[in-house]
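To keep things clear, I will list the structure first and then write my remarks on it.
Letters A, B, ... are given to chains in the order of the sequence lines, protein chains preceding strands, and every chain is numbered from 1. Given the structure is predicted, the values throughout are model-derived calculations rather than measurements.
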There are 2 protein chains.
Amino acid sequence: MKKRLTLKLIAKELDVSISTVSKALRDSAEISEDTRQKIKAFAKLYNYKPNNIALSLKNRKSKTIGVIIPEIVHHYFTTVISGIEQVANEKGYHVIICTSNNSFDKEVINMEILANGSTDGFILSVAKETQQKGDYHHLTEVIEQGMPLVMFDRVIEEINCDKVIIDDTLGAKKAVQHLINLGCKKIGLISTIDYVSVGKLRTQGYLEALSENNMELNESLILKVDDFDESEDEISRFLSDKSMDAVFAVNEHFAIYAIKAFKEQGLDVPKDVSVIAFTDGELSKRFIPSLTTINQHGEEMGAQAARLLIRKLENDDSEDEPFETIIIETGLVERNSTKR
Amino acid sequence: MKKRLTLKLIAKELDVSISTVSKALRDSAEISEDTRQKIKAFAKLYNYKPNNIALSLKNRKSKTIGVIIPEIVHHYFTTVISGIEQVANEKGYHVIICTSNNSFDKEVINMEILANGSTDGFILSVAKETQQKGDYHHLTEVIEQGMPLVMFDRVIEEINCDKVIIDDTLGAKKAVQHLINLGCKKIGLISTIDYVSVGKLRTQGYLEALSENNMELNESLILKVDDFDESEDEISRFLSDKSMDAVFAVNEHFAIYAIKAFKEQGLDVPKDVSVIAFTDGELSKRFIPSLTTINQHGEEMGAQAARLLIRKLENDDSEDEPFETIIIETGLVERNSTKR
DNA sequence: GAACACTACGAAAACGTTTTCGTGTTGACA
DNA sequence: TGTCAACACGAAAACGTTTTCGTAGTGTTC
């Protein structure tokens, strides 16, 4: 097992001082051409690489971004991470990822650990439990310590920091407007209960689209799924006697259950009924029929979040710079679950 | 912006020496009950947390595991990460994730950066390009430096280190055996070209299953997909005139294309033909019909890899301990794409 | 009262860097 | 010959810890 080369070792070997070695390697003018060459040659030969930890301690920055997400086994979050990683690496940062598993405690602990020097700033999507609990002390604490924080997707209004979100309401409106443009008259909504913020916002988009088109609101066409595990049955029952010509679902899974239910009723998607979903994942692409969806552009969201964070990190007087909220445009991806 | 509390600051505030503070906080018997209480109270009040970077430098360990994977937007890898994270966190480690994007260069760079103190060891699934190139100098280098390395999934035979893999051949055999048990006589195979190792191994499992059951090998029932992007058409053509009663596909996507093609031929899955896939992902669960699959147990693979790595990290004389290769059992998940 | 053992604390080194400042050696110049 | 600047380098502090060792001060023992 070879020992890692340090400045000290090089200095001893070449019979100069540590400072000389350090300066030579950084091309300081203080060092003569001769010794500089000698030292650099030696360092290269034995593959010297400075110790990141020592540098971090010295510079009081780790060049590392901490990312905390509710869960990693989730296509959308991986696209966000992918976006974060790309711009982070480009700018010489690396990325530590922790999952909170939607647990408040784990979120707090992860933040505390990473805040103790491991990380220069955070990119975070809060855990469901945190949202419900309304306890944000861990967030305010890191902010008070001067660590920049960027929240994305699931953000907390009250916290004063940079944010990157999508316009859920507008996205939902887009989806429903698309259905209306196709000539659909009786459009159902499959959403989640309102305390899940996205459920609420997307429901609002649905309502706005209807009202803007002077279409009557029919409450019986709205389902708010309570228990995810029971959703398949719930949806099937909900769809059984409504004779809709279109459905907007707030996620892929609900859309697929809807299609399944329609099939069982002998209805064809998209001939008899159109289905559109929020969230564009692997499932949407491959399903038969493939799903028309609203794309959340996760990768761009990650990229923007990283850019925002790094800007704060590299700007010394960022203190008094105002916080930004970037809204990522959603996109309509037309596929085969809606008629043309 | 509050400044972070350090031992030095506490010492100054309480008019004792830094060493006294350090010792008091670690409950050293050298310190009198009185001062110990006083210091601990103060530290708690102002929420002192030791600086991880300083500890890393001092202890020459970072308590961090570096994970390098080919891509993160991939359900299987996220399950592995999830497993790694669970056992890592449990044992007080955190996890840095980097993606190589299947690029050799990025894999090398990531390893070099992380190896400079940021990380105590690696868990790695090599990039495709690395596999093709056959250049493993970055792997041997970190090993020589005494950093433990655990490879998973896509491993390199020649590298001497701990490994966690699944038995692709056995898994494939299981799948085909299942089809045979169901009474299928004419079983097709949709695989990848042989230089993708999993394609080769799974093909071998298919062959073994046939021969063990004394079934004749019919080369025309084997498709080796060359170009992933063209695979849909390729599969559709391949399936058009073979009148098989079952197909084993080496991944979800191929299986789905197969089902699509059968449908277009007017065949029903699973009534007329059974389809089974390797890799159990989101897609398999939700597709209609849902897919019978071979599950690779990614989470367990990650957990085992982490356990292996941490054992090496915590064992001082791990030098001469032999390397292990753990084989994760594959499981058969019966769903609706195979008849009962 | 001398010798000794505790007790409770502080000084300093170490981890691997960077950077400021000090200094010995040259050569030029008056 | 004395003064001074330029050059090339080294010593030391600093980042925040832990740990070893040294040592005042106190109390015990014969």
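For the pair D27(B) CG and dT18(D) C1', the interatomic distance rounds to 15 Å; values are reported in whole Å. One atom, CD1 of I53(B), and another, C1' of dA14(D), lie 16 Å apart when rounded to the nearest Å. As a whole-Å value, the separation of N51(B) CG from dG16(D) C1' is 6 Å. In this structure, CG of N59(B) is placed 12 Å from P of dG16(C), rounded to the nearest angstrom. Put simply, CG on D34(A) is 10 Å from P on dA8(D), counting in whole angstrom units. Atom CG of L55(B) is separated from atom C1' of dG16(C) by 15 Å (rounded to the nearest Å). Counting to the nearest Å, the P atom of dG10(D) and the NZ atom of K12(A) are 16 Å from each other. A straight line from CD1 of I39(B) to P of dT17(D) spans 14 Å, rounded to a whole angstrom.
Contacts of S22(A) with the nucleic acid, taken as non-hydrogen atoms under 4.0 Å apart, include base atoms. Among the atoms of the strands shown, base atoms are found under 4.0 Å from some heavy atom of L7(A). Nucleic acid contact for L57(A): base, since at least one base atom lies under 4.0 Å from a heavy atom of the residue.
Here the nucleotide nearest the side chain of I31(A), chosen from dA12(C), dT18(C), dC9(D), is dC9(D). Closest to the side chain of T35(A), from the set dG10(C), dC9(D), dT19(C), is dC9(D). For V16(A), the side-chain atoms get nearest to dG10(D) when compared with the rest of dG10(D), dC15(D), dT17(C). Side-chain proximity of S19(A) to the nucleotides dT19(C), dC15(D), dT18(D) is greatest for dT19(C).
Ion pairing of K63(B) with D120(B) is absent here, as no side-chain N (NZ or NE/NH1/NH2) approaches a carboxylate O to less than 4.0 Å. Salt-bridge check for R36(A) with D27(A): passed, with a basic side-chain N closer than 4.0 Å to an acidic carboxylate O.
Judged by distance alone with a 3.5 Å cut-off, a donor-acceptor contact links the side chain of K23(B) to the base of dG10(C). Counting atom types as modelled, S32(A) pairs no side-chain N or O with a base atom of dA8(D) as donor and acceptor under 3.5 Å. Residue K8(A) places no side-chain atom within donor-acceptor reach of the base of dT17(C), judged by atom type and a 3.5 Å distance cut-off alone.
A donor-acceptor pair under 3.5 Å is formed between the side chain of N110(A) and the backbone N or O of T99(A).
For E33(A), the CD atom counts as densely surrounded, since its 6.0 Å shell holds more than 12 non-hydrogen atoms of other residues, nucleotides or ligands.
Of the residues near DNA chain C, E30(B) and Y48(A), the one whose nearest nucleotide (by heavy atom distance) lies more toward the 5' end is E30(B). Heavy-atom distances to DNA chain C give each of P50(A) and T20(B) a nearest nucleotide, and the one nearer the 5′ end belongs to T20(B).
Within the structure, every side-chain polar atom (N or O) of R26(A) is placed at least 4.0 Å from both OP1 and OP2 of dT17(C). OP1 or OP2 of dG16(C) sits under 4.0 Å from a side-chain N or O of R60(B). For the OP1/OP2 pair of dA8(D) and a distance below 4.0 Å, the side-chain nitrogens and oxygens of R36(A) include no atom meeting the criterion.
No side-chain donor from either of N89(A) and K91(A) sits under 3.5 Å from a side-chain acceptor of the other. Between S32(B) and T35(B), the side chains place a donor N or O and an acceptor N or O closer than 3.5 Å (distance only, hydrogens not considered).
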